[in-house]
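Encoded as structure tokens, the structure appears first; notes follow it.
Naming: A, B, ... by sequence-line order, numbering from 1 per chain. Just so we're clear, the structure is a prediction, and the values are computed from it rather than from any experiment.
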Amino acid sequence: MSLLDQLNPQQREAVENTEGPLLILAGAGSGKTRVITYRIAYLVEYRGVPPENVLAVTFTNKAADEMRSRVERLVRLPGLAQPWISTFHSFCVRVLRRDGERIGLPRDFSIYDEDDQLRVVKACLRQLGLTKRELQARAVLSRISHAKNHGRKPEDFYLSATDPMSERIAQVYDLYEKELRKAHAVDFDDLLLFAVRLLQENADVALRYNERYPYILVDEYQDTNRAQYELVRLLTQTQQNLCVVGDEDQSIYSWRGADIRNIVEFEKDYPQARIIRLEQNYRSTQSILDAASAVVANNRYRKGKTLWTARQGGPKVGSYEAFDGENESLFVADWLARRQEPDERAAILYRTNAQSRLYEESLRRYGLKYNVVGAISFYERAEVKDLLAYLKAALNLADSVSLLRILNSPPRGIGETTAQKIEEIALEANLSFWDALGQALEHKLLPARTLAAIQAFRELMEDLHGMAAEGSVSAILKKVLENTRYIESLEEEGTPEAEGRIENIQELLNAAADSYERSETLSQFLDHAALVSDADNYDENARITLMTLHSAKGLEFPVVFLVGMEEGLLPHSRSLMDPQALEEERRLCYVGMTRAQNVLILTRALARRHYASQMEEGSRASRFLREVPPALLEDLSERRGVRQEQQGERHYEYEPVEDEEAARVTSVENAQRFFGMPGARPEPRIRKPLTGAGLAPGNRVKHPKFGYGTVLRSEGKGEETKLTISFPGFGMKKLMAKYADLERV
DNA sequence: GATTTACGCCTTTTT
DNA sequence: GGCGTAAATC
């Protein structure tokens with residue numbers, strides 16, 4: 001029984017209780033994933049449950065992948081049968097692709113991501129004659145999504161509207177839904193909602209899935225929204241071998257409709273439920289756990305629990321007060337440069353993605369390698385999205401958002417005005433965008449020149465549509481590239497950016513080839529792209545990882561920096577007015593702190609630049625920072641960051657200062673000094689711009705974007721020097737020396 | 001009519 | 001600092 005021997009009594013109980021509903025309240029670092037994976041292994045190995053009868057649902061692809069590989073390591077799965085481990089969303093897609101027709105969903109529906117959704121909303125606003133000043137597409141979309149997630153239809157929305165603005169939004173919402181249906185498209189919310197409706201309205205289908213999955217596990221149950229909750233209910237009608245795992249203190253997705261009630265009222269929903277608490281934390285030292293617990297204890301809306309750890313002591317939680325954001329990021333980079341052990345992974349966690357840039361710059365200055373999770377993922381690159389739009393439209397000609405996107409990219413003489421005309425035609429005759437194009441051709445509604453371009457475009461799309469039925473993804477992509485001379489026009493640009501785009505296209509072709517290897521259909525390829533798109537570029541081996549607090553959930557790191565601990569940033573300004581939202585911010589802080597195993601350092605800046613404006617604004621320390629008992633904190637601020645001047649040139653060293661007197665400068669004095677002397681921020685090294693003269697093959701250089709590289713070739717001279725440089729990780733780049741902002745190293 | 005430039009606006013978090 | 005929309009120019 002080696003499997004069970006690796007678990008503590010509570011974990012073991014959670015694994016062995018395979019029959020009936022089970023709620024596992026798992027504190028941070030208590031071995032939650034371990035329990036789920038062992039439970040799956042146990043079901044298969046000791047209870048003889050066929051793997052394909054197990055369904056495990058997680059929130060993110062990252063978590064699903066992690067779980068899959070851990071299960072694979074644990075059990076040798078017989079034959080091809082696999083437990084189905086996926087996110088809610090991919091589960092729903094699969095169900096809908098198979099059975100969606102039962103609720104009138106076209107087989108080849110497109111999935112609209114947030115960008116597509118925004119385009120639809122904007123089109124709706126335009127249609128209703130609303131300008132951006134009156135309603136902001138983003139805000140409208142979030143209201144719509146909120147309504148959808150709470151089961152409110154446009155009519156309900158309209159009826160409960162108490163102000164003119166909401167009434168207008170209800171109108172947009174109504175139109176938005178109609179446009180999606182017209183485009184044979186569903187958004188992320190629909191994926192869940194339609195799956196629920198399918199199972200509600202078709203008892204036979206529901207029964208089939210119930211029988212297929214007698215064992216169901218749900219991770220991060222505190223983050224499930226209403227639709228996800230319904231879905232789970234619908235899947236557990238004939239059996240209730242349902243195991244949900246969650247932690248109220250880590251609920252951080254209420255803005256997406258997550259409802260803690262799902263976890264709090266589990267016993268009501270499943271009266272036979274057993275509850276098991278996992279309260280031993282295996283991850284963090286006592287100091288870290290105490291600090292985190294002290295913070296989250298300030299939340300009123302919580303039942304409360306006490307985590308304990310056997311890892312007594314540990315260094316105090318560090319805190320650092322910087323003059324400004326730049327100094328804060330340099331402190332972090334500096335710490336990592338001199339203190340990080342070779343095999344000690346570190347994470348820099350922040351509230352908003354926008355904060356990452358400072359850290360990227362500082363880490364690059366110190367020559368430290370890092371990995372940013374989130375930000376712009378591969379599938380979100382413009383050129384990749386363009387090509388995916390070709391594929392989506394090829395499969396589903398009704399997909400007007402995709403059609404509109406590719407209509408003139410690359411430029412083929414169908415400009416803005418033409419697109420608007422077509423939209424008008426579509427609107428007047430209530431046609432899809434595709435049919436409106438046909439209409440324009442048929443009745444010669446546009447100048448001959450434009451009609452010819454449209455004719456060519458329609459022919460291309462018809463060809464692609466024909467290929468979509470059976471042709472491989474690669475074949476379609478190649479045809480698109482050939483026909484549009486996409487790559488050629490990029491080559492003509494000759495800029496490094498264009499080269500990067502070509503590389504991305506190459507990468508997409510590789511992905512298509514891989515997909516072919518897995519014998520996927522076009523629609524499976526697109527589903528994958530739509531659902532995996534996001535922050536799945538987490539590299540568990542990266543020495544330094546940068547990511548938001550949200551994406552850090554479920555991960556752990558020996559060293560954690562929690563940065564930007566300021567009012568307005570960590571309790572985010574948008575949440576300051578709302579007590580519930582504030583508590584969520586506090587949980588977010590808790591999630592961040594509990595990622596740390598050995599070292600946790602909290603940093604803040606006394607002044608910060610917003611939107612890269614000239615002016616820096618002063619800030620107040622985060623209330624969460626003040627909620628950490630002072631006895632658990634060690635202030636790291638006082639010993640660092642004092643400037644020195646050298647040879648008339650501004651040159652600032654960033655090193656610990658031996659001088660006792662200088663070392664005693666308090667943060668306040670630092671701040672005064674800073675405000676009194678503009679430019680007196682510590683910078684590790686001043687860059688000397690290079691004109692290219694004097695750079696020869698073999699020289700090492702540093703580029704602000706690509707990092708370190710080696711000069712391979714130098715052409716021309718003086719101002720006109722062109723350099724070919726190889727940047728590890730970015731490939732070969734041709735750069736004009738005078739623009740490239742290179743630094744010789 | 002299309003491309004270029006100026007301006008203004010913003011930004012939470014994610015499947 | 002980066003984007004998209006609105007004005008300015010070719």
Side-chain angles (χ1 to χ4, degrees), chain A residues 57-64 86-93 111-115 117-119 122 125-126 131-133 136-139 141-142 145 149 186-193 220 223-225 227-228 251-258 325 349-358 360-361 373-377 379-380 382 408 411-421 446-447 449-450 527-536 547-553 564 568-576 578 581 584-585 587-589 591-592 609-614 704:
Chain A
V57 203
T58 64
F59 236 69
T60 63
N61 296 297
K62 195 167 61 196
S86 81
T87 64
F88 271 105
H89 291 266
S90 16
F91 175 81
C92 291
V93 168
I111 300 171
Y112 278 5
D113 65 13
E114 197 185 344
D115 183 60
Q117 295 184 65
L118 274 173
R119 283 163 190 263
K122 280 176 190 162
L125 290 173
R126 241 179 295 143
T131 61
K132 188 185 155 199
R133 299 170 57 92
Q136 234 175 283
R138 253 203 137 65
L141 180 59
S142 95
S145 173
N149 280 321
V186 300
D187 62 22
F188 282 135
D189 299 328
D190 287 331
L191 289 175
L192 303 169
L193 296 171
E220 308 284 11
D223 284 331
T224 49
N225 66 20
Q228 288 159 334
S251 158
I252 54 177
Y253 283 102
S254 73
W255 51 276
R256 228 174 62 194
L349 307 181
Y350 35 77
R351 174 70 237 261
T352 67
N353 274 309
Q355 288 168 265
S356 73
R357 200 179 41 83
L358 277 173
E360 293 189 57
E361 280 168 12
V373 176
I376 6 101
S377 78
Y379 287 103
E380 281 166 319
N408 203 31
R412 52 164 69 84
I414 311 179
E416 191 64 28
T417 29
T418 309
Q420 268 176 28
K421 285 236 175 67
L446 293 160
R449 209 186 141 85
T450 315
D527 288 348
H528 180 80
L531 295 171
V532 172
S533 60
D534 160 75
D536 294 315
M547 63 179 135
T548 63
L549 288 164
H550 282 89
S551 21
K553 194 167 69 158
L569 212 49
L570 189 35
H572 193 271
S573 51
R574 298 237 175 180
S575 63
L576 294 177
D578 175 0
E584 180 147 318
E585 296 289 308
R587 291 193 291 270
L588 207 42
C589 181
V591 166
R609 200 184 299 278
H610 295 285
Y611 317 121
S613 73
Q614 300 301 313

Original post:
Base, sugar-phosphate, or nothing: which does A:Lys553 touch, judged by heavy atoms less than 4.0 Å apart?
Top reply: nothing

Original post:
Heavy atoms under 4.0 Å, any strand shown: does A:Phe88 hit a base, just sugar-phosphate, or nothing?
Top reply: nothing

List, with names and distances, any nitrogen or oxygen atoms from the protein found under 3.5 Å away from nitrogen or oxygen atoms belonging to nucleotides 2-4 of chain B.
unit_1 : atom_1 : unit_2   : atom_2 : d
B:dA2  : OP2    : A:Thr417 : OG1    : 3.0

OP1, OP2 of [N] versus side-chain N and O of [X]: anything below 4.0 Å?
X	N	result
A:Thr548	B:dT14	yes
A:Asn353	B:dT11	no
A:Ser551	B:dT14	yes

Looking at [options], which one has an atom nearest to any side-chain atom of [X]?
X	options	value
A:Arg357	C:dG1, C:dT5, B:dT13	C:dG1
A:Arg574	C:dG4, B:dT14, B:dT11	B:dT11
A:Tyr253	B:dT14, B:dT11, C:dG4	B:dT14
A:Ala354	B:dT11, B:dT13, C:dG4	B:dT11
A:Glu361	B:dT14, C:dG1, B:dT11	C:dG1

Which pairs, protein N/O on one side and nucleotides 5-7 of chain B N/O on the other, fall under 3.5 Å?
none

**OP:** Enter the distance from A:Thr60:OG1 to A:Leu531:CG here, rounded to the nearest 0.5 Å.
**Re:**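 Output value for this atom pair is 12.5 Å.
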
By salt bridge (Lys or Arg N to Asp or Glu O under 4.0 Å) - contacts of [X] (at least two apart):
X	result
A:Arg574	none
A:Glu584	A:Arg587
A:Arg256	none

Please list each protein N or O that sits under 3.5 Å from an N or O in nucleotides 7-10 of chain C, with the distance.
none

Original post:
Within a strict 4.5 Å, meaning less than it, do heavy atoms of the A:Asn225 and A:Leu192 side chains meet?
Top reply: yes

Original post:
Are A:Thr58 and A:Ser86 side-chain neighbours, meaning at least one heavy-atom pair lies under 4.5 Å?
Top reply: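 Not in contact.
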
